[in-house]
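To start, the structure under review is shown below, and the notes come after it.
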Amino acid sequence: MSSQSVQTTKPRPPLWRRILVLVLLAIAGGIVGYGVAGLTREMTGGFSWSDHLALVLSVALLATAAIVTVNSMNRAALGRMLNMEGEATGSEVADARRQASVTGLAGVMLFIPVGAALIGDESPALTYVIILGLFVIQSALNAMLWFRGDELVRRLMVEAGAVSFWGLQGVLFLYAAAERLALVPAITAWDAVTVLLATYLIVSCVVAARRCRLT
């Protein structure tokens, strides 16, 4: 009587865990970005605090995208990065590269306005058109990630966005009231968006970590 070998498929890790890995890598990249910002302080002496924050976020996002892209070229390495038992599948490689593209585009779009100011861009309208084009591409990739994701990752995205929105809504209202009363200095839309992105990054990490404990 011949015995047949039974092949068992290893469970695929939740997508929130993969997102958590990306967020943690982004934080590590932020530390590197802080160092880069320090080295370029002389060049960016006239920049605001939000410009420096944008540089840190940009480097963090680009570093994360680069790490994920490099690891996606080796299924075994990607599996280890995602805390899997074994190699990553073809769909997981595609998802990782798509997420890396979204993350990298976010970093590029954050860097372009600051970089343009750094080099004295003489064609701001053209630069803005480039940013618009990249935004459209990133939005399409984000939509693909949303529709391909499972219920848990959708809940993660919604929860992180909701916490960031409601939390910042209160803070911005209080600051706007204080600004209107001439109690605090005025801020720009660029200041607000850099704070929003930094907050969303932190909240995403906290939400994903909480779901990790509950699962």
Side-chain angles (χ1 to χ4, degrees), residues 14-38 44 47-68 98-115 117 131-132 134-135 138-139 141-143 145-146 149 152-180 183-214:
L15 192 51
W16 62 259
R17 182 175 298 174
R18 286 173 273 166
I19 294 177
L20 176 59
V21 172
L22 296 178
V23 172
L24 293 176
L25 287 173
I27 294 174
I31 298 174
V32 177
Y34 183 81
V36 173
T44 61
F47 282 12
S48 65
W49 61 266
S50 56
D51 291 328
H52 287 93
L53 178 58
L55 284 175
V56 171
L57 291 174
S58 175
V59 173
L61 293 169
L62 289 172
T64 301
I67 292 171
V68 175
R98 193 174 291 111
Q99 182 63 60
S101 299
V102 171
T103 305
L105 284 173
V108 170
M109 287 189 292
L110 266 178
F111 177 78
I112 288 178
V114 181
I131 295 175
L132 283 176
L134 295 176
F135 180 78
Q138 192 208 37
S139 298
L141 290 172
N142 264 322
L145 286 173
W146 172 269
L152 188 58
V153 73
R154 291 194 185 99
R155 288 179 59 187
L156 172 64
M157 294 171 68
V158 170
E159 187 172 343
V163 171
S164 299
F165 172 76
W166 291 112
L168 284 179
Q169 176 184 247
V171 172
L172 288 177
F173 168 75
L174 293 175
Y175 194 95
E179 179 183 314
R180 188 67 183 87
L183 297 175
V184 295
I187 62 173
T188 66
W190 182 248
D191 297 335
V193 76
T194 53
V195 171
L196 172 63
L197 291 174
T199 302
Y200 182 79
L201 184 64
I202 295 172
V203 170
S204 296
C205 182
V206 172
V207 171
R210 185 171 65 85
R211 292 215 175 275
C212 179
R213 292 195 302 267
L214 294 177

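- Other residues, nucleotides and ligands contribute at most 12 non-hydrogen atoms within 6.0 Å of the CZ atom of F111.
- The OG1 atom of T199 sits 13.5 Å away from atom CZ of F165, with the distance rounded to the nearest 0.5 Å.
- S139 and N142 are not linked by any side-chain donor-acceptor pair at a separation below 3.5 angstrom, with hydrogens and angles left out of the test.
- Minimum heavy-atom separation, A100 to A65: O-CB, 3.3 Å.
- Looking at every heavy atom in both residues, S58 comes nearest to G107 through OG-O, 2.7 Å.
- I67 CD1 to L62 CG: the interatomic distance, rounded to the nearest 0.5 Å, is 11.0 Å.
- Checked against L53 for a side chain to side chain contact (heavy atoms under 4.5 Å, CB included), the options L110, T194, V114 give a single hit: T194.
- What you find for W190 and P113 is that their closest heavy atoms are CH2-CG, 3.9 Å.
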Inset, instruction - Report the C-alpha separation of V195 and I187 in whole Å, then their side-chain angles, then the decisive distance to 0.1 Å, and conclude whether the side-chain contact (heavy atoms from CB on, under 4.5 Å) test is met. - result: CA-CA 11 Å; V195 171; I187 62 173; over 6 Å; no
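- In this structure, the separation between CG on L141 and CZ on R98 is 7.5 Å, given to the nearest 0.5 Å.
- Of the possible donor and acceptor atoms, none in the side chain of E179 sits under 3.5 Å from a partner among the backbone N and O of V184.
- Taken to the nearest 0.5 Å, the OG atom of S50 stands 11.5 Å off from the CG atom of L197.
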